[in-house]
Amino acid sequence: MGIVIRKLDSTESGFKSKLSAVLAFEAGEDEAIDRAAAGILADVKTRGDAAVLEYTNRFDRLTATDVAALEIGQDELRQALAGLPSARRDALQTAADRVRAYHARQKQECGSDGFLYTEADGTVLGQKVTPLDRVGIYVPGGKAAYPSSVLMNAIPAKVAGVQEVIMVVPTPGGVKNELVLAAAAIAGVDRVFTIGGAQAVGALAYGTDTIPQVDKIVGPGNAYVAAAKRRVFGTVGIDMIAGPSEILVICDGSTDPDWIAMDLFSQAEHDELAQSILLCPDADYIAKVEASINKQLDAMPRKDVIRTSLTDRGALIKVRDMDEACEIANMIAAEHLEISAEEPQQWADKIRHAGAMFLGRFSSESLGDYCAGPNHVLPTSRTARFSSPLGVYDFQKRSSIIQVSEAGAQTLGRVAAELAYGEGLQAHARSAEYRLK
């Protein structure tokens with residue numbers, strides 16, 4: 001059975017409203033989920049380890065007697081790594097090396113060393129950059145086990161200089177994913193606890209007798225994890241609340257249509273709410289991609305998920321030209337943007353909003369997911385308009401440095417006092433005036 005995928009034309013009347021309907025996604029925070037997460041968080045905050053143990057045993061069908069028994073030691077992580085088939089171990093190591101090298105360069109280029117400068121009167125101003133002390137990374141378990149997420153979340157934290165990385169990963173039925181544990185060993189994760197859900201978020205956010213409180217929680221999870229992360233923000237930092245995965249492909253018609261069809265599949269197979277869109281000025285080429293979609297679908301193990309995703313949220317869009325494709329891409333602000341064209345850079349120069357850009361026909365989005373080097377934790381649901389990929393900078397904070405000289409205090413003191421009196425804050429004004437000669 002083929003796919004009936006939505007086809008749009010930018011020259012047709014009502015195109016913008018039709019496109020908006022395709023893009024529309026309401027996270028629709030389920031009140032029942034939010035209430036459940038709130039209750040679990042409150043319980044963990046009050047009862048600590050006892051609550052974490054109770055929920056973990058209940059939801060993951062375990063029989064642990066204490067939370068300490070849910071920690072995986074470094075020896076077990078190293079054994080998991082050593083036990084992998086050599087080809088998979090080498091692939092994991094290569095991916096980790098590339099992710100580490102990229103983020104080391106990112107740290108160097110993003111001003112992570114801070115700065116100081118001295119004004120003429122001797123006043124020193126600047127900024128000090130310091131890493132977070134402790135970070136928690138949430139890694140999905142059960143059916144969705146992603147070792148790549150371990151690398152992408154833990155490695156930039158370590159490159160940033162975070163002293164301790166605590167990983168939580170649920171193990172429903174006690175089943176551990178050896179590749180996830182091996183990734184934790186390679187990434188340098190310090191401690192691993194086999195807990196998940198809102199109770200894991202609560203344990204990391206508030207701390208318990210066994211699980212230390214962290215400064216920030218990063219990593220993807222289910223709806224309960226997302227609801228819990230929203231609620232603990234402010235007590236700790238969070239990375240983002242991720243929506244369904246997205247791919248937007250701009251193609252000039254020069255790429256093998258089978259490649260583009262599979263690129264669209266690569267996001268559609270994530271889940272039924274994932275979104276895959278093609279923008280192309282060539283109607284004949286779009287027809288070839290559609291034919292390839294239907295030709296290749298039945299060979300996909302996750303064909304039912306792909307079919308639902310492409311039918312409900314996918315689109316093949318005919319545009320006037322590549323310039324218009326770039327305009328539409330900026331409006332969509334996709335998580336992943338492939339520019340599959342003869343000269344991709346000229347079109348990339350026109351892009352302002354995208355989580356990650358994949359330039360040229362050989363840059364499949366899947367390479368970015370695993371081993372290209374840049375982070376695969378990206379803004380979704382049009383948040384690329386104001387958000388960035390996860391990076392070293394997410395695991396650092398900046399402190400302003402102000403060292404005013406005696407001469408500087410004479411000038412700045414008068415300015416500050418004048419403004420403070422204007423705001424009716426006399427103590428502020430007098431504090432500045434005390435330093436005046």
Side-chain angles (χ1 to χ4, degrees), residues 8 10 16 19-29 99 102-103 106 109-110 146 148-149 152-153 156 216 218-221 226 229-230 233 237-251 263-264 266-268 270-271 273-280 309 313-315 317 319 322-341 344-360 363-370 372-395:
L8 302 178
S10 66
K16 286 188 176 180
L19 179 59
S20 294
V22 173
L23 299 176
F25 173 75
E26 294 296 331
E29 180 69 15
V99 172
Y102 177 86
H103 288 86
Q106 184 183 71
E109 299 291 344
C110 287
Y146 298 120
S148 57
S149 286
M152 296 293 180
N153 285 276
K216 190 168 191 173
V218 300
K229 283 174 70 176
R230 280 192 187 93
F233 176 63
I238 63 171
D239 50 350
M240 62 185 78
I241 303 296
S245 192
E246 311 155 355
I247 187 170
L248 174 65
V249 180
I250 296 177
C251 188
D263 291 352
L264 298 175
S266 72
Q267 294 310 293
H270 271 296
D271 65 66
L273 292 175
Q275 183 155 70
S276 303
I277 296 175
L278 169 65
L279 300 175
C280 180
S309 169
R313 303 204 68 221
I317 302 176
V319 294
M322 291 289 282
D323 282 302
E324 185 183 48
C326 292
E327 291 176 19
I328 294 172
N330 282 322
M331 192 276 285
I332 293 174
E335 177 188 17
H336 306 102
L337 172 64
E338 285 187 8
I339 303 180
S340 195
Q345 189 59 55
Q346 65 171 315
W347 309 118
D349 290 343
K350 297 176 183 289
I351 299 299
R352 301 187 308 279
H353 309 307
M357 292 191 285
F358 299 80
L359 308 185
S363 303
S364 70
E365 183 279 330
S366 59
L367 300 184
D369 274 350
Y370 295 107
N375 211 286
H376 79 192
V377 180
L378 301 166
T380 61
S381 305
R382 301 193 67 226
T383 59
R385 292 174 297 126
F386 54 82
S387 298
S388 306
L390 188 73
V392 170
Y393 37 73
D394 286 296
F395 300 101

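Bear in mind the structure is a predicted one, so any value in this text is a computation, not a measurement.
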Problem - Heavy-atom donor-acceptor pair, Lys216 side chain to Asp394 backbone, under 3.5 Å - result: yes

Practice task
Kindly give the heavy-atom pair with the smallest separation between Asn153 and Gly219, and that separation in Å.
Solution key: OD1-N, 3.5 Å

Problem - Minimum heavy-atom distance between Gly243 and Ser381, given as atom pair plus value - result: CA-OG, 4.0 Å

Exercise for the section: Look up atom CD in Glu338 and atom CG in Asp263, then write down how far apart they are to the nearest 0.5 Å. Expected result: 4.0 Å

Problem - Side-chain donor-acceptor contact under 3.5 Å, Ser245 with Glu335 - result: yes

Practice task
Identify the heavy atoms of Leu378 and Gly355 that sit nearest to each other, and give their distance.
Solution key: CD2-O, 3.6 Å

Exercise for the section: Using the side-chain contact (heavy atoms from CB on, under 4.5 Å) rule, take Ile317 and Val22 through it: C-alpha gap first, then chi angles, then the decisive distance, then the call. Expected result: CA-CA 11 Å; Ile317 302 176; Val22 173; over 6 Å; no

Handout entry: Leu19 side, atom CG; Met331 side, atom CE - distance, nearest 0.5 Å
Key = 4.0 Å

Problem - N/O donor-acceptor pair under 3.5 Å between Arg313 side chain and Leu273 backbone - result: yes

Practice task
Could you check if a side-chain atom of Met240 sits within less than 4.5 angstrom of a side-chain atom of Thr383, using non-hydrogen atoms only?
Solution key: no

Exercise for the section: Hey, could you give me the CG/CD distance between Leu264 and Glu365, rounded to the nearest 0.5 Å? Expected result: 11.0 Å

Exercise for the section: Would you give the length of the straight line joining atom OG1 of Thr380 to atom NE2 of His336, rounded to the nearest 0.5 angstrom? Expected result: 10.0 Å

Exercise for the section: Just do the side-chain contact (heavy atoms from CB on, under 4.5 Å) check on Ile328 and Val319 with the steps written out, would you? Expected result: CA-CA 9 Å; Ile328 294 172; Val319 294; 3.7 Å; yes

Problem - Mutual orientation of the aromatic rings belonging to His270 and Tyr146 [parallel < 30°, tilted 30-60°, perpendicular > 60°] - result: perpendicular

Problem - Stepwise side-chain contact (heavy atoms from CB on, under 4.5 Å) check, Phe395 with Leu390 - result: CA-CA 9 Å; Phe395 300 101; Leu390 188 73; 4.2 Å; yes

Fill in the blank from the handout: Of all heavy-atom pairs linking Ser148 and Tyr370, the shortest is CB-CD2, 3.9 Å

Handout entry: Heavy-atom pair of closest approach, residues Ala384 and Ala354
Key = CB-C, 3.8 Å

Problem - Distance, nearest 0.5 Å, that separates CD of Glu324 from CD1 of Ile250 - result: 11.0 Å

Handout entry: Donor-acceptor pair between Ser276 and Gln267 side chains, under 3.5 angstrom
Key = no

Exercise for the section: Taking Asn375 for its side chain and Met152 for its backbone only, find out whether a donor-acceptor pair lies under 3.5 Å. Expected result: yes

Problem - Flag, side chain of Asn330 to backbone of Arg352, donor-acceptor distance under 3.5 Å - result: yes

Completion exercise
To the nearest 0.5 Å, atom CD of Gln275 lies from atom CD1 of Ile332 at 7.5 Å

Handout entry: Minimum-distance pair of heavy atoms, taken over all atoms of Leu337 and Ala329
Key = CD1-CB, 4.4 Å

